[in-house]
Amino acid sequence: MNVWQFMLQNHAEVAELTLEHLWLVGVSTLLAVLVGIPLGILITRWPALNKPILGSANIIQTIPSLALFGFLLPAPWIGERADRLAILALTLYALLPLIRNTYTGIKGVDPAVVEAGRGMGMTDRQLLFQVELPLALGVIIAGVRVAAVISVGLATIAAAIGAGGLGEYIFRGLAMVNNQVILAGAIPAALLAILADISLGWLEKRLSPG
Amino acid sequence: MNTSPHHGAAIEFRNVSFHVDGSRELLQALNLEVRRGETLVLLGRSGSGKTTTLKLINHLVAPTSGQLFVDGKSTDEWDVIRLRRMIGYVIQEVGLFPHFTVARNIGLVPQIEEWPADRIRQRVQELLQLVGLDGQLASRYPRQLSGGQRQRVGVARALAADPPILLMDEPFGALDPITRAELQREFLTLQKRLQKTVVFVTHDLREALLLGTRIALMEAGRLVTVLTPEEFFHSTEPLVAAYVDAFGTELNGGGKRGLS
Ligand SMILES: Nc1ncnc2c1ncn2[C@@H]1O[C@H](COP(=O)(O)OP(=O)(O)O)[C@@H](O)[C@H]1O
Ligand SMILES: [Mg+2]
């Protein structure tokens with residue numbers, strides 16, 4: 001039985017695991033956007049926070065994912081359910097590209113343009129929402145893209161703690177020493193990553209000014 | 001103590017110095033008055049402190065010591081947003097918002113001042129005409145304009161909410177000579193009509209002589225002197241004479257405006 005036959009035979013399960021996978025990636029990326037962009041903005045306003053915030057996000061990235069799941073296990077509410085745990089861990093990993101790109105995107109806005117706006121009497125808020133964020137949007141979306149693609153890969157490991165997703169097949173295949181089963185998880189995961197890359201890349205182009 | 005005794009002055013620098021933390025003085029003990037309705041040209045080589053002087057006026061930088069009055073009120077006491085909205089600002093690099101159309105660029109201050117949309121649209125058309133641009137350009141983006149058109153949009157944007165004061169930082173510096181001459185002529189016509197208080201920065205003596213009611217010469221963060229164009233051209237003050245000399249051959253040889 002080859003991998004296509006296996007997937008066809010188990011299409012309901014493949015679909016379910018793919019949806020679980022999308023859920024883990026989607027929710028964690030969304031949370032990372034909601035937290036990372038404000039943090040990125042914050043460190044453009046408060047340079048003193050730059051090092052501690054970017055530094056922490058950097059350190060989190062270096063923690064092996066299985067270890068991170070382990071560290072988070074004792075957390076109340078979070079630790080109660082595997083999917084919560086997985087989402088939190090994935091969110092933490094996705095923070096770095098979001099904080100960093102928001103920061104560099106805003107810092108990369110032509111200083112002459114910002115100065116013109118400030119000199120004309122725009123408030124900080126007006127500058128942020130009408131000038132800096134729109135002009136940084138392409139770079140910020142690029143951060144979302146990196147985060148999402150990494151997250152698709154990392155989410156396969158969530159299966160190790162029982163959070164579901166396409167990693168189920170990969171771990172099951174490893175246990176059974178069955179390449180077909182491994183591929184039934186790996187192929188859809190790769191397709192998801194490519195899909196995320198292409199669609200967010202398209203959005204990045206559309207929303208980049210100039 | 002806090003109000004200027006010179007009620008005629010639109011802007012007054014009183015012993016204003018400025019330096020960035022730990023660095024040398026970028027401006028030293030500046031005393032200068034800008035009269036209502038005049039075009040005061042700040043002339044000086046690059047690095048002499050002209051841009052910094054402008055930024056003090058709209059409080060993009062604050063004096064390290066001394067005081068600066070706009071409309072008789074110290075810039076420390078002004079609500080900085082109110083202050084800036086009554087001062088049009090044309091910066092050296094133009095700084096048009098690349099993601100806004102020409103219309104949105106020009107209408108920016110009216111928009112943040114919450115004018116009704118109809119009135120903004122009308123005002124934008126008025127201003128395009130005023131600076132000699134086709135009304136059709138309203139829907140274009142800055143990157144679709146020529147250098148001269150961009151400068152004109154920059155001027156229109158600064159004039160949008162009809163501010164009594166206008167700061168212009170080498171607004172025609174990056175243009176070819178023909179376009180520059182054209183914009184200078186238009187500036188004179190416009191200024192005759194609008195009678196704004198203008199502080200105009202340039203390093204070009206010819207531009208200073210042509211546009212200025214008075215010329216303030218700056219050198220290494222100091223104000224050398226303030227003279228009318230006529231006085232300036234004939235002054236024997238060494239730094240002034242040196243500046244005139246440096247341009248001398250160009251002014252005479254070009255036979256430009258019969259100033260020699
Ligand atoms: N924020 C700053 N920090 C340090 N030096 C500055 C800063 N802004 C301007 N300068 C320096 O101050 C001097 C005057 O600058 P500026 O006012 O821009 O001169 P100009 O407009 O006449 O060319 C220059 O030597 C410039 O390098
Ligand atoms: Mg300058």
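Convention: sequence-line order gives letters A, B, ...; per-chain numbering from 1.
Environment of CD in B:Gln129: sparse, with no more than 12 heavy atoms of neighbouring residues, nucleotides or ligands closer than 6.0 Å. Within a 6.0 Å sphere centred on CZ of A:Arg45, heavy atoms belonging to other residues, nucleotides or ligands number more than 12. Open room surrounds CH2 on A:Trp23; 12 or fewer heavy atoms of other groups in view lie less than 6.0 Å from it.
Formation of a donor-acceptor pair under 3.5 Å by the B:His99 side chain with backbone atoms of A:Gln130 is found in this model.
Atoms CG and CE, from B:Leu108 and A:Met120 in turn, are 4.5 Å apart once rounded to the nearest 0.5 Å. The CZ atom of B:Phe97 lies 5.0 Å from the CE atom of A:Met122; values are rounded to the nearest 0.5 Å.
Scored by the salt bridge (charged side-chain N to carboxylate O under 4.0 Å, His left out) test, A:Arg172 finds A:Glu13 as partners (sequence neighbours excluded). Looking at residues two or more places apart in sequence or on another chain, you find a side chain to side chain donor-acceptor pair (under 3.5 Å) between B:Gln149 and B:Ser146.
Contacts of B:Ile112 with chain A are made by both backbone and side-chain atoms, with heavy-atom separations under 4.5 Å. The part of B:Gln111 that comes within reach of chain A is its side chain, from C-beta onward, which places non-hydrogen atoms under 4.5 angstrom from that chain.
Annotation: residues 84-116 of chain A contacts chain B through A:Ala112, A:Val113, A:Glu115, A:Ala116 [non-hydrogen atoms, separation under 4.5 Å]. Listed in order of number, the residues of residues 80-88 of chain B that approach chain A to under 4.5 Å between heavy atoms are B:Ile81, B:Arg84, B:Arg85, B:Ile87.
Most heavy-atom pairs under 4.5 Å with chain A, from the set B:Leu54, B:Asn58, B:Val90, B:Ile91: that is B:Ile91.
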